[in-house]
Number of protein chains: 2
Amino acid sequence: MPTMTAAQKRSQVKADYDAFLAGCPSRQLLDRISDKWVALILAALGSDGPHPAGDCTGEPQSMRYSELSRRLAGVSQKMLTQTLRSLERDGLVTRTVTPTVPVTVTYELTDLGLSLHHLMRAIKEWAEAHMDEVLGNREEYDTRST
Amino acid sequence: MPTMTAAQKRSQVKADYDAFLAGCPSRQLLDRISDKWVALILAALGSDGPHPAGDCTGEPQSMRYSELSRRLAGVSQKMLTQTLRSLERDGLVTRTVTPTVPVTVTYELTDLGLSLHHLMRAIKEWAEAHMDEVLGNREEYDTRST
DNA sequence: AGTGCCTACTTCCCGTTGGAGAGTAACCCA
DNA sequence: TGGGTTACTCTCCAACGGGAAGTAGGCACT
């Protein structure tokens with residue numbers, strides 16, 4: 001009769017590994033980067049001008065809260081504010097308040113944010129290059145299982 | 001009395017933009033990539049061997065379901081299965097069932113998945129390079145507001 | 001024969017997250 | 001006084017995801 005049942009052993013193994021990938025330094029930043037809206041905000045702040053369907057290139061520029069809100073169609077104000085705050089906290093964007101008639105708040109990428117933006121740009125390019133392939137795979141997979 | 005109140009106009013503007021970034025081809029793939037577990041699974045399948053705290057490099061290899069489950073400490077079985085299915089659907093990983101004594105299911109990166117993994121590797125490197133900076137920024141931000 | 005264990009899931013319950021929409025502050029305009 | 005602006009904040013609720021337990025199909029011990 002062992003001191004540990006199989007179930008207990010399983011928990012033990014799990015606990016042993018908990019400090020493993022959870023402690024990976026990439027993991028914490030990965031969680032931040034893989035936030036639904038972070039990538040889009042970076043993309044928006046990294047691009048300029050109104051871009052025709054899907055074009056996210058261009059020079060970095062500062063944007064107002066309302067501009068971002070309009071640009072990132074689908075983002076709730078709550079999440080936009082929240083995400084911008086966390087990006088500011090991480091030093092990826094700067095937040096500047098200008099006390100004009102109605103207050104104006106502008107957000108801009110820092111150098112750090114800009115460097116991350118370059119990575120995002122690469123991902124966007126990958127996405128555009130392989131979009132068709134992925135879509136094709138999905139279709140095939142769906143018809144196969146139907 | 002205008003035909004449109006300001007509120008209605010706002011909804012109108014929103015609807016106009018809804019088809020905008022939502023239709024961006026990057027957006028759909030971005031949603032997939034920025035899934036909490038996708039990046040981690042890709043990292044796991046792209047690395048090999050047990051790696052000491054935070055080391056996610058190495059050669060791609062196939063892994064069993066249970067291996068992944070152990071490696072990605074913290075993932076629920078539900079999400080692991082779900083995520084693997086969607087990755088398979090997208091053609092990023094292959095799923096092979098070998099009818100051994102207890103069935104063995106192995107997952108492996110496809111070429112497409114491998115190419116995405118390279119991007120992930122770049123992100124991991126960025127994360128490691130700038131982790132300290134971000135952590136410093138956070139600390140500063142937190143002390144400032146306290 | 002019965003109990004237990006294995007893998008690779010699926011199912012159920014429930015807490016947290018995030019969206020929709022209304023409310024707020026501070027000020028301008030008619 | 002009523003409406004407008006911007007940049008939020010708050011409240012309510014649906015849905016996503018985690019934890020734990022259940023399932024199928026078969027080996028292995030006793």
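So that the names make sense, note that chain A is the first sequence line, chain B the second, and so on, each numbered from 1.
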> Across the strands shown, which category fits A:Ser69 at heavy-atom distances under 4.0 angstrom: base, sugar-phosphate, nothing?
Replying inline: nothing

Restricting to nitrogen or oxygen on both sides, can you table the protein-nucleotides 16-18 of chain D pairs closer than 3.5 Å?
{"from": "D:dG17", "atom 1": "N7", "to": "B:Lys78", "atom 2": "NZ", "distance (Å)": "3.4"}
{"from": "D:dG18", "atom 1": "OP1", "to": "B:Trp37", "atom 2": "NE1", "distance (Å)": "3.1"}
{"from": "D:dG18", "atom 1": "OP2", "to": "B:Ser76", "atom 2": "OG", "distance (Å)": "3.3"}
{"from": "D:dG18", "atom 1": "N7", "to": "B:Lys78", "atom 2": "NZ", "distance (Å)": "3.3"}
{"from": "D:dG18", "atom 1": "O6", "to": "B:Lys78", "atom 2": "NZ", "distance (Å)": "2.4"}

>> Can you see if the side chain of B:Ser66 gets near the phosphate of C:dC6 - specifically, an N or O under 4.0 Å from OP1 or OP2?
In response: no

>> Is B:Tyr107 close enough to C:dC9 that one of its side-chain N or O atoms is under 4.0 Å from OP1 or OP2 there?
In response: yes

>> If we ignore hydrogens and angles and just use 3.5 Å, is the side chain of B:Ser69 paired with the main-chain N or O of B:Tyr65 as donor and acceptor?
In response: no

> Checking A:Ser34 side chain against B:Lys36 main chain: does a donor-acceptor pair fall under 3.5 Å?
Replying inline: no

> When you look at A:Leu45 and A:Leu114, which way does the side chain to side chain contact (heavy atoms under 4.5 Å, CB included) test go after all the steps?
Replying inline: CA-CA 9 Å; A:Leu45 285 174; A:Leu114 195 57; over 6 Å; no

> Taking atom P of C:dC12 as reference, at what distance in whole Å does atom CD of B:Gln77 sit?
Replying inline: 16 Å

> Can you list every salt bridge (charged side-chain N to carboxylate O under 4.0 Å, His left out) pair that touches residues 134-144 of chain B, not counting sequence neighbours?
Replying inline: A:Arg89-B:Asp142, A:Asp90-B:Arg138, B:Glu140-B:Arg144

>> Measure OH/B:Tyr65 against P/C:dT7 and give the value in whole Å, please.
In response: 11 Å

>> For D:dT6 and A:Arg64 - does any side-chain N or O of the residue sit under 4.0 Å from the phosphate oxygens OP1/OP2?
In response: no

>> Tell me the interatomic distance from B:Asp31, atom CG, to C:dG18, atom P, rounded to whole angstroms.
In response: 13 Å

>> Tell me whether A:Glu125 is salt-bridged to A:Arg121, with the criterion being a basic N under 4.0 Å from an acidic carboxylate O.
In response: no

> Hey, is the main chain of A:Met79 close enough, under 3.5 Å, to the side chain of A:Gln82 for a donor-acceptor pair?
Replying inline: no

> Does any pair with a residue in residues 94-105 of chain B pass side-chain hydrogen bond (donor to acceptor under 3.5 Å, both in side chains), and if so which ones, sequence neighbours excluded?
Replying inline: B:Arg95-B:Tyr107, B:Thr96-B:Thr106, B:Thr100-B:Thr104

> Rounded to whole angstrom units, what separation is found between the CD atom of A:Glu67 and the C1' atom of D:dT5?
Replying inline: 15 Å

>> A:Ser115: which residues meet the side chain to side chain donor-acceptor pair (under 3.5 Å) condition with it, sequence neighbours left out?
In response: B:Trp126

> By a strict heavy-atom criterion of less than 4.0 Å, which residues belonging to residues 84-103 of chain A are in contact with DNA chain C?
Replying inline: A:Val101

> For B:Trp37, which residues count as a ring pair (Phe, Tyr, Trp, His ring centres under 6.0 Å) partner, sequence neighbours excluded?
Replying inline: none

